[in-house]
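Report on the following structure.
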Amino acid sequence: FKKGYYYTSPTFRIPGMLTTERQIISAQLMANLLNMIKGSPVYTQAIEVFTTLSTNIEQDTKLNAKKLSNRIMFLGMNPVDIDNEIWSKLEDAMSKNCYITFDYERKGNTFKVTMAPYQLIYYNGMWTLYGYRTDPDYKGNRFFNLPVIKNIELLKDTFSLPETFSYEQHAIGNFGRHIGEETFKFKLKITAPWVAEYAQTYTWAPDQRFEKLDEGGAIMTFTSNQYYPILDWVLEKGQYCIPIEPEQLVNDWKGNIRK
């Protein structure tokens, strides 16, 4: 009962919320998009909302959510499974700005981590915890993959969230989940027109520029602190992408193609 109305169905229609058929269809498509993060606790909560909204469309409408939902696809890596207890404790810690401690495994070794949790980041199938590690020998902003976090505990001590806590405030570029200590000026020669057209479709860095070549292709220039993801990006393009600057990238590229 709410302000004079009884809601007896879980899929009631609220005119003020569901204003157009296209909005309801968009809700159904967003539910499909959420499948990319299936396996995480946030998926279960969000999918209920979008599914409820999308089922409110009338059956005799010209635009039908069920008909369109299998005509539009979202592709990506299958998401990793996340332990519900780990996720819940991280949500709790971030809402209260509590320091946390946990065991973390890397290269067969397990070690203890103490940190201030800033954000949970989803990229390419992986959920990552981003925050400031306080351990004396490893102080600084760090990433930790959720599937290998064990025995997490919230500490009584709290921290003040910095104004510049967000990952996006430190990462320069969209080549991957990475924040490098050094920022480089990059210059790449893309020799194939179709690769150049693909590259120009995306925003890889705020200052990116493309200069068309007479023989086809383009010179791509930009600034970024995501050196290693960029090296991978260049290598993936094979013979169609040749680094010109910085010198470190040129040398690393040559070393990899000789192998």
Side-chain angles (χ1 to χ4, degrees), residues 29-30 32-40 71-82 106-107 119-130 140-148 166-259:
L29 295 177
M30 286 299 294
N32 293 349
L33 177 59
L34 283 170
N35 282 320
M36 296 181 66
I37 59 170
K38 193 171 184 178
S40 63
R71 304 291 292 274
I72 301 175
M73 295 183 64
F74 303 95
L75 299 178
M77 292 286 290
N78 291 331
V80 297
D81 291 329
I82 305 300
R106 179 183 292 166
K107 298 180 180 179
Q119 290 176 301
L120 288 170
I121 300 172
Y122 179 82
Y123 176 74
N124 204 22
M126 177 59 68
W127 279 103
T128 302
L129 173 63
Y130 171 66
N141 290 347
R142 300 286 185 265
F143 298 98
F144 297 94
N145 294 334
L146 262 61
V148 287
S166 177
Y167 167 84
E168 294 180 324
Q169 293 173 284
H170 298 275
I172 306 173
N174 296 306
F175 290 88
R177 189 228 66 195
H178 183 81
I179 301 174
E181 295 182 358
E182 189 173 355
T183 300
F184 295 90
K185 293 282 188 180
F186 291 90
K187 187 174 184 180
L188 311 175
K189 182 179 181 180
I190 302 175
T191 60
W194 59 89
V195 177
E197 291 173 3
Y198 159 80
Q200 292 178 70
T201 304
Y202 296 89
T203 301
W204 301 101
D207 64 344
Q208 70 183 32
R209 291 182 179 275
F210 292 89
E211 179 185 346
K212 291 185 178 180
L213 299 174
D214 293 337
E215 64 273 21
I219 297 294
M220 177 182 180
T221 57
F222 58 93
T223 304
S224 178
N225 62 355
Q226 297 182 322
Y227 179 84
Y228 290 105
I230 291 169
L231 173 61
D232 291 340
W233 190 89
V234 172
L235 291 171
E236 287 174 358
K237 305 299 178 289
Q239 61 182 319
Y240 303 117
C241 186
I242 302 172
I244 301 174
E245 296 177 0
E247 184 178 358
Q248 179 180 339
L249 181 64
V250 175
N251 293 334
D252 286 343
W253 174 78
K254 289 179 177 178
N256 277 275
I257 62 175
R258 290 194 188 108
K259 292 180 180 179

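Below, each value reflects all heavy atoms present in this structure, side chains not excepted, and no hydrogens, waters or symmetry copies.
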Exercise. Going by the angle between their ring planes, with limits at 30° and 60°, are F175 and W204 parallel, tilted or perpendicular?
Worked result: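 Rings of F175 and W204: parallel, under 30°.
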Flag, side chain of [X] to backbone of [Y], donor-acceptor distance under 3.5 Å:
{"X": "Y167", "Y": "H178", "value": "yes"}
{"X": "N174", "Y": "T203", "value": "yes"}
{"X": "Y227", "Y": "Q248", "value": "yes"}
{"X": "S224", "Y": "I172", "value": "yes"}
{"X": "E245", "Y": "K185", "value": "no"}

Could you check whether atom [atom1] of [X] has more than 12 heavy atoms from other residues, nucleotides or ligands sitting under 6.0 Å from it?
{"X": "E215", "atom1": "CD", "result": "yes"}
{"X": "Y228", "atom1": "OH", "result": "no"}
{"X": "K237", "atom1": "NZ", "result": "yes"}
{"X": "E211", "atom1": "CD", "result": "no"}

Could you report the tightest heavy-atom contact between [X] and [Y], atom names first, then the distance?
{"X": "G216", "Y": "P193", "result": "CA-CG, 4.1 Å"}
{"X": "P243", "Y": "V250", "result": "O-CG2, 3.5 Å"}
{"X": "A205", "Y": "F222", "result": "CB-CB, 3.8 Å"}
{"X": "I190", "Y": "A199", "result": "CD1-CB, 4.0 Å"}
{"X": "W253", "Y": "L235", "result": "CD1-CD2, 3.7 Å"}

Quick check: do [X] and [Y] have side-chain heavy atoms less than 4.5 Å from each other?
{"X": "W233", "Y": "L188", "result": "yes"}
{"X": "N225", "Y": "H170", "result": "no"}
{"X": "P147", "Y": "M126", "result": "yes"}
{"X": "F184", "Y": "I230", "result": "no"}
{"X": "I244", "Y": "T221", "result": "no"}
{"X": "V80", "Y": "L146", "result": "no"}

[X] side, atom [atom1]; [Y] side, atom [atom2] - distance, nearest 0.5 Å:
{"X": "K212", "Y": "I219", "atom1": "NZ", "atom2": "CD1", "result": "14.0 Å"}
{"X": "L249", "Y": "I242", "atom1": "CG", "atom2": "CD1", "result": "12.0 Å"}
{"X": "R177", "Y": "I121", "atom1": "CZ", "atom2": "CD1", "result": "7.0 Å"}
{"X": "Y122", "Y": "N124", "atom1": "OH", "atom2": "CG", "result": "7.5 Å"}

